[in-house]
Amino acid sequence: MTAIVARNGFVPSVPETVAVVLIAVLPIAYGHQWLSLDGDPGRHIRVGETILRTGLFYHDPFSFTRAGAPFIPYEWLSEVMSALSVRLAGLPGLIVVTGAVLAITYAIVAQTLARRGVAPVVGIPTLLLAMAIGSSHWHARPHVYTLLGAALLIVLIDRAADPSRTTSPRDVWWAAWPVLPLFACWANLHGGFLYGLFVLGAVVVGDRVEMLYASGPEVARWRSILVRHAAMFGAAVVGPIFTPSGPKLYLHTLGYLGDTYLVNNTQEYMSPDFHVARFALIAIVLVTLTLAILPRRPSVPVLMLVGLNLAFALVAGRNLPLFAIVVLPAIAMELEHAFAVWVPGWAQRLGRPIPRLQPARLALGWPAIGIALMVLLARRSGGTAEIPAPITESHGLFPTTFNPSAFPVRAVEAARAAGVSGRVFNEFTWGGYMLYAWPEQRVFIDGQTDFYGDSITREFADIRGVQPGWRAKLAAWRIDLVLIETDSPLSEALAHERGWTPIHCDSTAVLFRHDESAAPALGPQAAMSASCTGLTIPPLPATSQRAGGDSADESPAVRLLAEPRIAGRAGASRGVG
């Protein structure tokens with residue numbers, strides 16, 4: 001009876017089980033973290049919502065520093081999906097979609113391991129290690145679609161290496177055509193499609209080297225594989241043209257990678273810190289050790305993929321999940337062959353998947369059911385509003401707001417309620433959140449550094465770091481408001497600076513308003529982080545919405561800032577409140 005049920009597909013396969021479990025577990029386990037890392041999800045929601053309302057746009061509507069500047073909507077599809085998920089189930093909807101993409105990604109990794117004949121005793125640790133490495137770079141951002149694209153690309157590369165296929169036009173088309181829609185979709189979702197081109201290029205080079213050094217029938221076999229993989233590469237080059245930006249997309253994505261200042265000053269593009277990325281260090285050591293002790297040489301395409309991904313991973317920490325997804329299954333397959341030589345019959349003794357359970361099957365039925373149930377659960381938690389009702393705490397299964405300890409949730413709510421407006425200098429990582437939660441307010445900068453470029457990013461860094469000339473830069477930009485971290489150098493400087501009045505302050509953020517007549521808020525010996533109290537911005541008169549002397553500056557709550565307080569009582573730590 002079990003065999004009949006399994007044969008009919010009612011029993012989920014191993015990859016399907018992985019997908020369903022992760023669809024349920026990841027959003028609940030990581031959802032709160034995903035809305036604590038950076039503000040970029042807020043920007044993507046806002047861009048997607050704008051596209052849904054007005055269509056694709058090609059000039060910036062979100063900042064005053066680059067207002068009207070040319071804008072390339074290179075992630076428009078993932079941003080629309082983010083906005084739709086929030087419309088459907090609030091921020092929990094975005095968390096569920098992110099979890100679903102990651103779940104399908106690692107289910108495909110499990111499928112790849114099973115299809116390559118890797119026994120569970122090797123496959124399960126490989127999958128767990130791949131997930132452990134990737135978890136530090138799981139974000140509710142378009143980057144997750146590149147992880148999915150990489151997993152799918154490996155499936156297609158394996159498929160095209162089928163030895164039963166030939167160099168006939170039919171077989172070449174059979175190998176190449178799925179790559180065209182894959183890269184067309186990938187390029188509309190995220191700029192990481194370039195990584196896929198590098199992977200295919202490495203495989204093609206590896207095939208050619210194998211063909212050069214092969215002999216006898218192996219020459220024809222590698223020639224056939226080379227032709228099919230080369231056709232895939234050609235299709236991959238053409239696919240990204242099917243985007244709103246067309247060929248310009250290549251110039252944009254390559255141009256950002258060539259900007260050394262932005263790349264070198266963006267944390268996720270820096271080399272990984274192996275004091276933190278311990279699982280990645282373990283994986284790199286294991287991969288190196290495995291290659292050294294294998295009884296046979298891995299194929300050159302495998303070695304090319306290992307070398308390429310190892311280089312990428314050592315250059316930028318954000319590439320570590322890709323290293324895990326692409327390299328670890330290949331090394332697991334090599335280990336499978338090695339164990340077969342070292343210990344004949346080892347897999348049968350330790351337990352190989354039962355054939356009738358179809359271990360390599362990955363249909364969408366079970367995952368779709370899991371996603372639908374999680375969406376229903378998310379709707380019960382987060383509603384369907386584009387911007388949920390103001391909530392400063394989130395204690396349920398899913399977060400219903402960005403983390404108030406990491407983002408200026410209370411400050412923005414208070415400012416919106418009071419009708420505060422003006423040119424605001426904002427924390428870099430908060431720009432995306434502000435676009436989401438304070439949509440009527442244009443920002444100074446947000447996380448899309450490829451758009452703002454070197455000049456504005458450097459200006460932000462100089463002002464935020466209170467570098468020489470910071471006052472002149474604030475004046476040149478005609479800044480009315482400053483929303484900055486409470487314990488930042490700039491907040492301390494402005495609290496002791498004439499002409500700046502704090503109108504809201506909590507343990508996370510302080511909002512200053514420019515007022516030429518205002519005296520310094522703090523005395524010389526007082527510290528902002530120790531003196532900050534929870535200020536409430538009083539409602540402003542309808543005729544006084546911009547900075548400039550008004551009665552709000554004279555509120556008793558503001559005057560309390562001038563009184564030194566004990567840090568422990570004031571909640572100076574970012575984690576408080």
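In this view, F323 satisfies the ring pair (Phe, Tyr, Trp, His ring centres under 6.0 Å) rule with no residue, not counting sequence neighbours. Residues satisfying the salt bridge (Lys or Arg N to Asp or Glu O under 4.0 Å) test with D38, not counting sequence neighbours, are R141. The side-chain hydrogen bond (donor to acceptor under 3.5 Å, both in side chains) test applied to R223 returns no partner, not counting sequence neighbours. Residues passing the side-chain hydrogen bond (donor to acceptor under 3.5 Å, both in side chains) test with E427 are R464, sequence neighbours excluded.
Among all heavy-atom pairs drawn from A406 and W430, the shortest one is O-NE1, 2.9 Å. Across every non-hydrogen atom of W222 and P301, the tightest pair is CZ3-CG, 3.9 Å. In terms of heavy atoms, G123 sits closest to V118 at N-CG1, 3.5 Å. L94 and P41 get closest at one heavy-atom pair: CD2-CB, 4.2 Å. Heavy-atom minimum distance, T126 versus P329: CG2-N, 4.2 Å. The shortest heavy-atom contact between P367 and A19 is CG-CB, 3.9 Å.
In this structure, F402 and Y433 have perpendicular ring planes: the angle between them is above 60°, well past the 30° mark. Ring-plane geometry between W138 and Y30 is classed as perpendicular, the angle between the planes exceeding 60 degrees on a 0 to 90 degree scale with a lower cut at 30.
There is no side-chain donor-acceptor pair under 3.5 Å between T243 and S245.
Within the 4.5 Å cutoff, the side chain of F428 has heavy atoms near those of the T449 side chain. Residues E16 and L362 form a side-chain contact, since some pair of their non-hydrogen atoms from C-beta on lies under 4.5 Å apart. In this structure, the side chains of P399 and I95 come closer than 4.5 Å at one or more pairs of heavy atoms. For the pair I108/L148, a side-chain contact is recorded, criterion being any heavy-atom separation below 4.5 Å from C-beta on. Taking the side chain as every heavy atom from C-beta outward, I157 and M232 approach each other to under 4.5 Å. Here the side chains of V327 and L310 are not in contact, with every heavy-atom distance at 4.5 Å or above. Using a 4.5 Å heavy-atom cutoff, the side chains of I124 and L127 are not in contact. In this structure, the side chains of Y195 and V326 come closer than 4.5 Å at one or more pairs of heavy atoms.
Note: H143 and H137 fail the aromatic proximity criterion, with ring centroids not under 6.0 Å apart. Aromatic ring centroids of Y250 and F193 lie under 6.0 Å apart.
By the 6.0 Å and 45° rule, R159 stacks over the aromatic ring of W174.
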For this session: Verify side chain to side chain contact (heavy atoms under 4.5 Å, CB included) between T98 and W34, making sure each step is shown before the conclusion.
Result: CA-CA 9 Å; T98 301; W34 291 340; 3.8 Å; yes
Exercise. Taking it one step at a time, do I293 and L289 satisfy side chain to side chain contact (heavy atoms under 4.5 Å, CB included)?
Worked result: CA-CA 6 Å; I293 65 175; L289 181 62; 4.3 Å; yes
For this session: Mind running side chain to side chain contact (heavy atoms under 4.5 Å, CB included) on L294 and L291 for me, showing each step along the way?
Result: CA-CA 6 Å; L294 287 175; L291 291 175; 4.2 Å; yes
For this session: Before giving the answer on side chain to side chain contact (heavy atoms under 4.5 Å, CB included), spell out for M131 and L22 the whole-Å C-alpha distance, their side-chain angles and the decisive distance to 0.1 Å.
Result: CA-CA 11 Å; M131 292 177 60; L22 294 181; 3.4 Å; yes
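Salt bridge D171/R228: absent, no basic N to carboxylate O contact under 4.0 Å. With salt bridges taken as basic N to acidic carboxylate O contacts below 4.0 Å, none links E79 and R46.
Residue R297 qualifies as enclosed at atom CZ: its count of foreign heavy atoms under 6.0 Å is above 12.
Atoms CD1 and CZ, on I445 and F460 in that order, are 6.5 Å from each other to the nearest 0.5 Å. Interatomic distance, R165 CZ to R221 CZ, rounded to the nearest 0.5 Å: 16.0 Å. For the atom pair T508 OG1 and E485 CD, the distance stands at 8.5 Å (nearest 0.5 Å). With rounding to the nearest 0.5 Å, the separation of CG in L305 from CD1 in I154 is 5.5 Å. Distance CZ/R43 to CG/D446: 4.0 Å, rounded to 0.5 Å. Taken to the nearest 0.5 Å, the NE2 atom of H44 stands 5.0 Å off from the CD atom of E75.
Here the side chain of E336 pairs a donor or acceptor atom with the backbone of A119 at under 3.5 angstrom. At least one donor-acceptor pair under 3.5 Å links the side chain of T105 to the backbone N or O of V101.
Among V203, D207, D162, T167, the one residue that satisfies the side chain to side chain contact (heavy atoms under 4.5 Å, CB included) test with I225 is D207.
Among residues at least two apart or in separate chains, there is no ring-ring contact (aromatic ring centres under 6.0 Å, His included) pair with a member in residues 276-308.
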Indicate every side-chain donor-acceptor pair of residues 175-189 with a distance under 3.5 Å to a residue at least two apart or in another chain.
unit_1, atom_1, unit_2, atom_2, d
W186, NE1, T146, OG1, 3.1
N188, OD1, W76, NE1, 2.6
N188, ND2, A184, O, 2.7
N188, ND2, F242, O, 3.1

